[in-house]
*Asks:* 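Dropping a structure here in C-alpha cells format, bear with me for questions.
The basis for the numbers below is simple: all heavy atoms, side chains too, and nothing from hydrogens, waters or symmetry mates.
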Amino acid sequence: MPPSPTDAPIAYLFDVTSGQILFEREADRRFMPASITKVMTTFLAFEWMEEGKILPQQSFSIRPEVWKRWNQVGSTMFLPHDARVTVDDLVHGVTTVSANDGAAALADGAAGSVDKWVAAMNAKASEIGMRDSHFGTPNGWMDEGNTFVTARDLTTLATQMLRRHPSKYRRYIGHREFTYNDITQSNHDPISGVVPGADGIKTGFTNQAGYGFLGSAERNGRRLVMVVAASPRGRDRNRAARDLIEWGFSAFDQQRLFAPEAQVAVAEVQGGDSTQVALVAPAGVYVDIPAGAHRDVKLTVNYEGPVRAPIRQGEQIAKLTVSIDGMSDFSVPLVARDAVEEAGLGRRILNGVLGWIT
C-alpha cells in the first residue's frame, strides 16, 4: 500500500509508460530538495553532452576559489586542490556519491562560472515544464530557501531525463559505488539493488528539508517514477520509497491500447497535398487499471482543426485524452505519421471543388 503521511508527507507516483498519475499527496507543495538538486545538474550535463558543449572525456582544472568553497563540504568525491578531472568522473561523482565538490567543479568548468550554470539550470527547468521550481546552487546545499521544487516538477525532470537520454541514464545513474582518487564510496539510493528493476535516481537530506528521494524502476517494459519527501528519518524515507514503488507495480495492471507508431486517429488538413494526416503515439498508448478491476475507458482526440499545411513528420498535432472510471484523466501527445506539403495550384483548385461539393 502507499506510504503513510507520517513516513512520507509528500508522495507522488507516475507511470512514464502510460503517462498516468497513480498516486499523489501534496504534489504541488514546495520543498527544499537538498541533493536531489543534483538531478537537474545531471540532466543539464546530459543535454550539453548531446549538444556537444561538453564531452565526457573533456577535463577541467578546479579553480582555487571553487575548491576552497567546496572542499569536504557535505558529501564529497575528495577532489584534490590541483585536480584535473574529466566530465565523466565528475558526473559519476555527482550521481553516485552525491559530490557537492563535483557538482560545483562541473558547473564552473562547463559554464565558466557556477552562477552561469545555475542560470542554465533554471532556463532548462522552465523549458521542460517545471513550473514551480527554482535552483540557487548546482548541488542543493542550503541557500536560505532559494532552491525549491515540487514532487510534480521532479517527476517531469526524471521523465525528460529517461525519455531524452536513456543511454546516458544507464551509464551514469544507479551504480552502487564509485571510486575516485583511490577512494571508494557507496551510493545511498534506498531501492537500487533492493527493489527488482530499480535503477536510481537520487536521495537528498538536510536538517531543514528532511529526507527525500526521487526514484525509478522498470519491470517488463513498464517504467515508474516516484518521489517521497519531507520524511522525518532516513529509514522512514527508505521504507516509504520501497512501499510506494512496489505498490505501483502490484496494484495496477497495464494494458496496451495502441502499439508504438500505430494509427490512433486522423486530422483534417487545409491547404495540403493531402486532406488528412494520420496521427500516431510514438511510444504507444497504455492504461493502468487497478488489478482485478474492470473500468470503462473513453478516448477523446482533441485538436484545433483543420490543421494548415505544411506539416512536419513527427509534429505534434493533437492530444488523446484518456478517461477511466474512478481515475484522473490523462493525455498522450499525437504526432503526424507523415509529412504533408503545401498543395500546388492544381491541388488547391481540386480541394476547393471538393470542399464546394461536400
Side-chain angles (χ1 to χ4, degrees), residues 32-81 83-149 153-154 156-158 160-161 164-165 168-169 171-173 178 180 201-204 206 209 214:
M32 291 176 285
S35 284
I36 303 174
T37 297
K38 297 183 180 92
V39 181
M40 188 71 234
T41 282
T42 301
F43 178 67
L44 184 59
F46 288 178
E47 293 278 282
W48 283 22
M49 286 181 194
E50 198 71 22
E51 295 165 13
K53 292 181 178 179
I54 56 175
L55 301 172
Q57 64 271 26
Q58 183 177 358
S59 294
F60 297 137
S61 296
I62 311 304
R63 289 199 296 157
E65 56 267 38
V66 174
W67 182 85
K68 184 177 180 180
R69 169 67 183 88
W70 293 106
N71 178 42
Q72 297 190 38
V73 174
S75 303
T76 177
M77 60 189 287
F78 299 101
L79 289 170
H81 71 91
R84 188 160 178 81
V85 59
T86 65
V87 168
D88 188 73
D89 275 344
L90 288 171
V91 176
H92 275 296
V94 168
T95 59
T96 306
V97 302
S98 195
N100 288 325
D101 54 350
L106 175 64
D108 185 64
S113 76
V114 171
D115 287 346
K116 288 180 180 178
W117 178 267
V118 170
M121 290 170 68
N122 285 310
K124 185 62 68 173
S126 178
E127 175 195 315
I128 65 173
M130 297 177 71
R131 296 183 178 88
D132 201 21
S133 297
H134 184 267
F135 299 99
T137 73
N139 52 29
W141 193 253
M142 293 168 286
D143 61 359
E144 299 181 345
N146 194 35
T147 296
F148 57 84
V149 296
D153 279 356
L154 285 180
T156 296
L157 172 59
Q160 289 299 313
M161 177 183 283
R164 294 190 188 189
H165 305 291
K168 294 181 181 66
Y169 181 90
R171 175 169 178 79
Y172 291 103
I173 307 292
F178 175 64
Y180 174 77
I201 300 173
K202 189 75 194 71
T203 57
T206 65
L214 169 63

*Asks:* Who pairs with M130 by side-chain contact (heavy atoms from CB on, under 4.5 Å), at least two apart in sequence or on another chain?
*Replies:* M40, A125, I128, S133, F135, D153, T156, L157
*Asks:* If I take atom CG from residue N122 and atom CD from residue E127, how far apart are they, to the nearest 0.5 angstrom?
*Replies:*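 So the CG of N122 and the CD of E127 are separated by 12.5 Å.
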*Asks:* Given the rule in the side chain to side chain contact (heavy atoms under 4.5 Å, CB included) test, do R164 and E47 qualify, once you have shown the distances and angles that lead to the verdict?
*Replies:* CA-CA 9 Å; R164 294 190 188 189; E47 293 278 282; 2.7 Å; yes
*Asks:* Hey, could you give me each pair passing side chain to side chain donor-acceptor pair (under 3.5 Å) that has a residue in residues 64-74? Not counting sequence neighbours.
*Replies:*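 Found R63-E65.
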*Asks:* Considering only heavy atoms from C-beta outward, does the side chain of T41 approach that of L106 to under 4.5 Å?
*Replies:* yes
*Asks:* Could you tell me the separation between the CZ atom of F46 and the CD1 atom of I54, rounded to the nearest 0.5 Å?
*Replies:*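 Spacing of CZ (F46) from CD1 (I54) equals 10.0 Å.
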*Asks:* Passes side chain to side chain contact (heavy atoms under 4.5 Å, CB included), V149 versus I36? Steps please.
*Replies:* CA-CA 9 Å; V149 296; I36 303 174; over 6 Å; no
*Asks:* Please report the interatomic distance OG1(T147) to CH2(W141), rounded to the nearest 0.5 Å.
*Replies:*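 Spacing of OG1 (T147) from CH2 (W141) equals 13.0 Å.
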*Asks:* Does the pair E50/K168 count as a salt bridge with the N-to-O cut at 4.0 Å?
*Replies:* yes
*Asks:* Compare all side-chain heavy atoms of V85 with those of I62 and state whether any distance is below 4.5 angstrom.
*Replies:*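 V85 reaches I62 side chain to side chain.
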*Asks:* Between Y172 and H92, is any pair of side-chain heavy atoms under 4.5 Å apart?
*Replies:* yes
*Asks:* What distance do S59 atom OG and D89 atom CG have between them, rounded to the nearest 0.5 Å?
*Replies:*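 Separation between the atoms: 8.5 Å.
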*Asks:* Would you check if P56 and T86 make a side-chain contact, meaning some heavy-atom pair closer than 4.5 Å?
*Replies:*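 Answer no - side chains too far apart.
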*Asks:* With H134, which residues qualify under ring-ring contact (aromatic ring centres under 6.0 Å, His included), at least two apart?
*Replies:*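 For H134, no residue satisfies ring-ring contact (aromatic ring centres under 6.0 Å, His included) once neighbours in sequence are set aside.
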*Asks:* Suppose we screen for salt bridge (Lys or Arg N to Asp or Glu O under 4.0 Å). Which residues come up paired with D132, at least two apart in sequence or across chains?
*Replies:* R30
*Asks:* Measuring from atom OG1 of T76 to atom OH of Y180, what distance do you get when rounded to the nearest 0.5 angstrom?
*Replies:*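 OH of Y180 is found 10.0 Å from OG1 of T76.
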*Asks:* Looking only at non-hydrogen atoms, find the nearest pair between V114 and P138 and report the distance.
*Replies:*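 Here V114 and P138 meet closest at CG1-CD, 3.7 Å.
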*Asks:* Are H165 and F43 close enough that some pair of their side-chain heavy atoms sits under 4.5 Å apart?
*Replies:* yes
*Asks:* For the CD atom on E144, are there more than 12 heavy atoms of other groups (residues, nucleotides or ligands in this structure) within a distance under 6.0 Å?
*Replies:*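 No, not enclosed.
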*Asks:* At what distance, to the nearest 0.5 angstrom, does OG1 of T203 lie from CG of L214?
*Replies:*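 Between T203 OG1 and L214 CG, I get 10.5 Å after rounding to 0.5 Å.
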*Asks:* Write down the atom of L79, the atom of A105, and the distance for their closest heavy-atom approach.
*Replies:* CD1-CB, 3.9 Å
*Asks:* Check the pair F178, T95 against side chain to side chain contact (heavy atoms under 4.5 Å, CB included), reporting the backbone distance first and the verdict last.
*Replies:* CA-CA 9 Å; F178 175 64; T95 59; over 6 Å; no
*Asks:* Which heavy atom of G136 sits nearest to which heavy atom of D143, and what is that distance?
*Replies:* CA-OD2, 3.5 Å
*Asks:* Mind listing the closest non-hydrogen atom pair of W117 and A45 along with its distance?
*Replies:* CH2-N, 3.8 Å
*Asks:* Determine whether a donor-acceptor pair (N or O, by modelled atom type, separation under 3.5 Å) exists between the side chain of D101 and the backbone of M77.
*Replies:*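 Yes, D101 side chain to M77 backbone: donor-acceptor pair under 3.5 Å.
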*Asks:* Closest heavy-atom contact between G140 and T37?
*Replies:* CA-OG1, 3.4 Å
*Asks:* Taking C-beta and beyond as the side chain, do K202 and I173 meet within less than 4.5 Å on heavy atoms?
*Replies:*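 When only atoms from C-beta onward are counted, I173 and K202 do not touch, as no gap falls below 4.5 Å.
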*Asks:* In the structure I gave you, are the side-chain heavy atoms of K124 and M121 within less than 4.5 Å of one another anywhere?
*Replies:* no
*Asks:* For R171, what residues pass the salt bridge (Lys or Arg N to Asp or Glu O under 4.0 Å) criterion, not counting sequence neighbours?
*Replies:*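 Partners of R171 under the salt bridge (Lys or Arg N to Asp or Glu O under 4.0 Å) test: D88.
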*Asks:* Apply side-chain contact (heavy atoms from CB on, under 4.5 Å) to V94 and list each qualifying residue two or more places apart in sequence or on a separate chain.
*Replies:* K38, T42, A103
